[in-house]
Amino acid sequence: MDRYNFKSTEEKWQKFWDKNKTFKTKKDLSKKKFYCLEMFPYPSGKIHMGHVRNYTIGDVLARFKRLQDFNVLHPMGWDSFGMPAENAAKENNLDPKEWTEKNISAMKTQLKRLGLSIDWDREISTCSPNYYKHQQLFFLELYDKGLVYRKENYVNWDPVDQTVLANEQVIDGRGWRSGAQVERKKLNQWFFNISKFSEQLLNGLNSLSEWPNKVKTMQKNWIGKSFGCEIDFRIEGDLPVKNIKCFTTRPDTLFGFSFLALSVDHPLSKHYENNQEFKIFKEECSKTGTTEESIAQAEKIGFKTNLQALNPFEPNIKVPVFFANFVLMDYGFGAVFGCPAHDQRDFEFAKKYKLNIKTVVRPKDKEDDFQVKDEAFVEEGLMINSSFLNGLKTPGEAIEKSIDYLTKNKLGNKKINFRLKDWGISRQRYWGCPIPIAYDENGDIVKVPKEMLPIKLPEKINLNTKGNPLDHQRKWKEIKINGKKCNLDTDTLDTFVDSSWYFLRFCSPENSEYGFDNEDIKYWMPVDQYIGGVEHAILHLLYSRFFMQALKFKNQNFISPEPFQGLFTQGMVCHQTYKDEKNKWVSPDEVFTENGKDYFKIKDKKKIIVGPSESMSKSKKNTIDPEKIMDQFGADAVRFFILSDSPPEKDVQWSEQGMIAAYKFIQKFWILHKEITKEIVNKKRTDKDMDLTIYTNKLIEKFTFSLEKFNMNVLIAYLHETYNFLSKEIKKLDIKDLEKNYTKILILMFPILPHLISECLNDIKNSNTISWPSARKEYLEDKYVNIVIQINGKKKSLIKIEKNLDDKDLLENVKKDKKVSNFIDKKRVFKHIIVKNKLINLIVK
RNA sequence: GCCCUCGUGGUGAAAUUGGUAGACACAAAGGACUUAAAAUCCUUGCCCUUUUGGGAGUGCCAGUUCGAGUCUGGCCGAGGGCACCA
């Protein structure tokens, strides 16, 4: 018997799909649409196992929906701007454009080899002027709507390379390339006013019922809505300052007020510009970097001013004002009122600077003389030492009452605050979308007119310059707008902007007037199922949601603003890690094992230290190259394996054994298939035996159910089960409707193993128009059912019996059962519970 | 510290949502076929018993229920997210 030749078969079908444009999609209002989208890849040059998993899951779904007669949009593109291209180009003296294009063509070939059902005619690439032209127009549109603005912001600055560093380029406070101490530097940058939509972005989460709760929770926390009030503190001291505004969620603890802390970037700091000590203090603070996390890890320090703040509840009590490193200018007003007794951070600060610690909340089970000792008391409780608040429950009553008091006395107002900050979109880099803004000779902002778009990136420029590469392009920068000489902005847009609207572009990839066509997006949007890694749970997904809000803003005709109706986040692909005796990472290709426990280096037979399984990454060298695996086992086998071992939302362990098992399954299924085809043709079977019909209908039911629930690993189990069933069944003499049932089974398998099953269906010759089968209820149950017999809730026996027997007959039959009669002999059955056609529980004493 | 998720054999995992725990696969041991190997197939899998059979059992402890992997409360452990957020 011939073995299944995956190589020629897979090539054959891929060519067939390509030639016939099988997956080309057109708008068709007569059909229900299904937009299936996987997060598009960065063209690094080679696909990795994470891509294989992501795109296989999506492809199974897309093919399934197509068989269910949906009009399926399943496109693919390239997130092709970004730093790796710029870095690679710098290192090897290449052009980022050429490097990127070469990578795209290599990866496209690899993706095609996976047998994905993609409409390649809709392919887009974000680094193409055809794409970013529209992005520049969106930028201007948002600018006109007042959703883009310019402000100063801090960045990580590498003083040696004269360049801005991304957070991941800062390692232990030093630049990754130069090793120089990174500084905080203020730069003028563009911002999207995402915080304007905080409320909408938060509320929108409620409508996303097909999103994982985990992701919704993460976004909710990120947006961070908090209820409280703003308080205007009166200030006395040696400066011409009368008030400082604070935001607080705990106005109830004002009677425990013992200091006021300001951010070093607070406007008041300008009065201390010439103060040497303050300068040193501020520098100390600036070493901590710009991320919130690095600020957090620093020790709490303060700088005492000569100012005093008055307690709004008791104006005769005055407390010191500090600058402190733990106060962030970005949040609230850059000022915090400190109540050490009921905030751990304030407590530590007060201890350090020996400030007053007054207890104003007691636990419910303690007396009124309760005093905070070793740590702040932050839980619910009752108010004490707080005049008109005494005895009230807090939070809750006490907060309400204190806000009432502040409002009545014009000392403060109820306020809702969000943690979400505006989105800084300027990047001091070459390989990104140019910002369509110029500056005239006075430095005033001039919009680039629509007709002049796109502002194209200059090609083949020298990247080994200090600072921002575009800044050196004197000719490129010069632009004449309405007869005025201007200079272009030399920053480029954050690549998250590119990916915030690409799903719209896929709906009308060829529209040259605008980023999309309104009619197209009305038909295709929202994305019915979006699939990608959980690492994008916050930024990419939130930015995309913002982009939709921004397009909808002042435009009533725009579609409903949630872009992704369904979201699925798949887990990572993991592999064991290996290290040699020098503690260097070793790749799986370089090691061998005989017993599965002890590993050795192939080269010198030296022992390898086996580390824990971790997600595949180049830096740990624990990657498996999908291309090599496809050479060895074929695309169908890889698809089969990558779905088989774990539920798709969880991490999966790469296993050589598992991969081989997948390959074997395909081989043995092919042999079985040949046998079945022969049986179909040679012997006309009579139609007495219903086993296959019942099995097939049950399979259709549970297979469809699991597929819709994304339980892909269970699907694979069903396929194994089906193989086992069929290989026994085929030995029987009588099988009813073999061809009909077998064809249905093949169609179920098709989305997972498209090449193999295309070939199989081709053999049966009725595969012209295939569609997803539906189960017929009358075949779902046999005449007989298995009834579980429990005694006092414990399983004792199992009987096969006629279906739908009435309770009396059932009970009689049950009592006849040997095992049961052994048990209930001499005992009295005083109750029984029956679950129809399933179970009977006898209660005996 | 706060929030979320998850704890099931040697391993990855199923369990139709409160009704046969361990489907399916990997690994292991034993066996069949074979001169032999490979491939393939079958059996086994915790405890007691020679077998028939019986018992325990889904991280731990309680509870609800005729019946709990599934529901409730507490504890222990692992993973992820957020964070001096005022």
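Each chain gets a letter, A, B and so on, in the order its sequence line appears, and its residues count up from 1. Computed from heavy atoms alone, side chains included, the values below leave out hydrogens, waters and symmetry copies.
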Novice: If you pin A:Phe705 and A:Ser655 to their nearest nucleotides in RNA chain B, which one's is more 5'?
Specialist: A:Phe705

Novice: Using modelled atom types and a 3.5 Å cut-off, is there a donor and acceptor pairing between side-chain atoms of A:Asn311 and backbone atoms of A:Leu254?
Specialist: yes

Novice: What is the distance, to the nearest angstrom, from the CD atom on A:Glu348 to the P atom on B:rG1?
Specialist: 13 Å

Novice: Test your reading of the model: is there a side-chain donor-acceptor pair from A:Ser706 to the backbone of A:Leu715, 3.5 Å cut-off?
Specialist: no

Novice: So that I know where these two stand, are A:Tyr543 and A:Phe496 an aromatic pair - ring centroids less than 6.0 Å apart?
Specialist: yes

Novice: Quantified in whole Å, what is the C1' atom distance between nucleotide B:rG30 and nucleotide B:rG22?
Specialist: 22 Å

Novice: Separation of A:Lys698 atom NZ from B:rA23 atom P, in whole Å?
Specialist: 18 Å

Novice: State whether A:Glu199 and A:Lys225 are salt-bridged, where the test is any N-O pair (Lys NZ or Arg NE/NH1/NH2 against Asp/Glu carboxylate O) under 4.0 Å.
Specialist: yes

Novice: Searching all strands shown, indicate the nucleotide that pairs with B:rG7 (Watson-Crick or G-U wobble; both distances under 3.5 Å).
Specialist: B:rC76

Novice: Give, for atom CG of A:Leu726 and atom OH of A:Tyr695, the distance between the pair rounded to the nearest 0.5 Å.
Specialist: 7.0 Å

Novice: With A:Lys668 as the cation and A:Tyr723 as the aromatic partner, state whether NZ or CZ is under 6.0 Å from the six-membered ring centre and within 45° of the axis.
Specialist: yes

Novice: May I have the distance from A:Phe333 (atom CZ) to B:rC85 (atom C1'), rounded to whole angstrom?
Specialist: 14 Å

Novice: Looking at A:Trp670, does the NZ or CZ of A:Arg3 lie under 6.0 angstrom from its six-membered ring centre and within 45 degrees of the ring axis?
Specialist: no

Novice: Which whole number of Å gives the distance between the C1' atom of B:rU65 and that of B:rG19?
Specialist: 12 Å

Novice: Taking only the C1' atom of each, what is the distance from B:rA38 to B:rG55 in whole angstrom?
Specialist: 43 Å

Novice: Which label fits B:rU17, syn or anti, where anti is any glycosidic angle not within 90° of 0?
Specialist: syn

Novice: Between A:Gln653 and A:Ser613, does any side-chain donor sit less than 3.5 Å from a side-chain acceptor?
Specialist: yes

Novice: Strictly under 3.5 Å: I want the nitrogen or oxygen pairs between protein and nucleotides 61-68 of chain B, one per line.
Specialist:
| unit_1 | atom_1 | unit_2 | atom_2 | d |
| --- | --- | --- | --- | --- |
| B:rC66 | O2' | A:Asn841 | ND2 | 3.3 |
| B:rC66 | O2 | A:Asn841 | ND2 | 2.5 |

Novice: Over how many whole Å does the gap from A:Phe259 atom CZ to B:rA86 atom C1' extend?
Specialist: 10 Å

Novice: Taking CG from A:Leu719 and P from B:rA23, how many angstroms apart are they, rounded to a whole number?
Specialist: 18 Å

Novice: Looking at the angle O4'-C1'-N9-C4 for a purine or O4'-C1'-N1-C2 for a pyrimidine, is B:rG9 syn or anti, with syn meaning within 90° of 0?
Specialist: syn

Novice: Run through A:Phe337, A:Phe303, A:Phe349, A:Phe281 and flag the one making a ring-ring contact (aromatic ring centres under 6.0 Å, His included) with A:Phe322.
Specialist: A:Phe349

Novice: Go through residues 211-230 of chain A and report each residue with a non-hydrogen atom lying under 4.0 Å from RNA chain B, sorted by number.
Specialist: A:Thr217, A:Met218

Novice: Mind checking A:Asp343 for me? I need base, sugar-phosphate or nothing, with any heavy atom below 4.0 Å counting as a touch.
Specialist: nothing

Novice: Could you tell me how far B:rC6 sits from B:rG54 if I compare only their P atoms? Round to whole Å.
Specialist: 37 Å

Novice: Who pairs with A:Phe6 by side-chain contact (heavy atoms from CB on, under 4.5 Å), at least two apart in sequence or on another chain?
Specialist: A:Tyr4, A:Glu10, A:Tyr663

Novice: Using atom types as modelled and distance alone, determine if a side-chain donor or acceptor of A:Ser269 lies under 3.5 Å from a backbone N or O of A:Val264.
Specialist: yes

Novice: Is a donor on one side and an acceptor on the other found under 3.5 Å between the side chain of A:Asp651 and the backbone of A:Ser615?
Specialist: no

Novice: Using a 4.0 Å heavy-atom cut-off, write out nucleotides 7-14 of chain B from 5' to 3' as B (base contacted by protein), S (sugar-phosphate only) or - (no contact).
Specialist: -----SSS

Novice: Among B:rC82, B:rA86, B:rU17, find the nucleotide with the atom closest to the side chain of A:Lys709.
Specialist: B:rU17

Novice: Rounded to the nearest angstrom, tell me the gap between atom CG in A:Asn786 and atom P in B:rG19.
Specialist: 17 Å

Novice: Closer than 4.0 angstrom, basic N to acidic O: yes or no for A:Lys702 and A:Glu721?
Specialist: yes

Novice: How far apart are the C-alpha atoms of A:Tyr353 and A:Ser258, what are their side-chain angles, what is the distance that settles it, and do they pass the side chain to side chain donor-acceptor pair (under 3.5 Å) test?
Specialist: CA-CA 11 Å; A:Tyr353 294 99; A:Ser258 79; over 6 Å; no

Novice: Does the side chain of A:Tyr331 come under 3.5 Å of the side chain of A:Ser263 through a donor N or O and an acceptor N or O?
Specialist: no

Novice: Under 4.0 Å, heavy atoms only, any strand: does A:Thr249 hit a base, just the sugar-phosphate, or nothing?
Specialist: sugar-phosphate

Novice: Within the structure provided, determine whether A:Thr359 and A:Phe377 are in side-chain contact (heavy-atom separation under 4.5 Å).
Specialist: no

Novice: Compute the centroid of each ring, for A:Phe323 and then for A:His266, and state whether the two points are separated by less than 6.0 Å.
Specialist: no

Novice: Taking B:rG45 as the reference, what is the distance to B:rG53 when you measure between their P atoms (whole Å, please)?
Specialist: 14 Å

Novice: For B:rU40, which nucleotide is its Watson-Crick or G-U wobble mate, given both distances must be under 3.5 Å?
Specialist: B:rA32

Novice: Locate the shortest heavy-atom distance separating A:Arg250 from A:Val378; write the atom from each residue and the value.
Specialist: NH1-O, 4.4 Å

Novice: With rounding to whole Å, what would you report as the distance between B:rC76 and B:rC61 at their P atoms?
Specialist: 15 Å

Novice: Work out how far the P atom of B:rG63 is from that of B:rG9, and round it to whole angstrom.
Specialist: 24 Å

Novice: Within the side chain of A:Asn837, is there an N or O that forms a donor-acceptor pair under 3.5 Å with the backbone of A:Lys803?
Specialist: no

Novice: State the pairing partner of B:rG19; accept Watson-Crick or G-U wobble contacts with both distances under 3.5 Å, and report none otherwise.
Specialist: B:rC66

Novice: Can you check nucleotides 70-73 of chain B for protein contacts, nitrogen or oxygen pairs under 3.5 Å, and list what you find?
Specialist:
none

Novice: Please report, rounded to the nearest Å, how far the C1' atom of B:rA25 is from the CD1 atom of A:Ile642.
Specialist: 15 Å

Novice: Between B:rU70 and B:rG81, how far is it from one P atom to the other, in whole Å?
Specialist: 28 Å

Novice: Would you mind telling me which of B:rC26, B:rA25, B:rG55 lies closest to the side-chain atoms of A:His720?
Specialist: B:rA25

Novice: Detail all sub-3.5 Å separations between protein N/O atoms and N/O atoms belonging to nucleotides 37-43 of chain B.
Specialist:
none

Novice: Looking at B:rC2, which nucleotide sits across from it as a Watson-Crick or G-U wobble partner, both distances under 3.5 angstrom, or is there none?
Specialist: B:rG81

Novice: Quick one: label A:Lys795 by what it contacts on the DNA or RNA (base, sugar-phosphate, nothing), any heavy atom closer than 4.0 Å.
Specialist: base

Novice: Specify the separation, in whole Å, of atom OH of A:Tyr663 and atom C1' of B:rC26.
Specialist: 19 Å

Novice: Among the nucleotides B:rC82, B:rA86, B:rA25, which one has an atom lying closest to any side-chain atom of A:Phe247?
Specialist: B:rA86

Novice: Please check the phosphate of B:rA83 (OP1 and OP2 only) for any side-chain N or O of A:Arg419 closer than 4.0 Å.
Specialist: yes

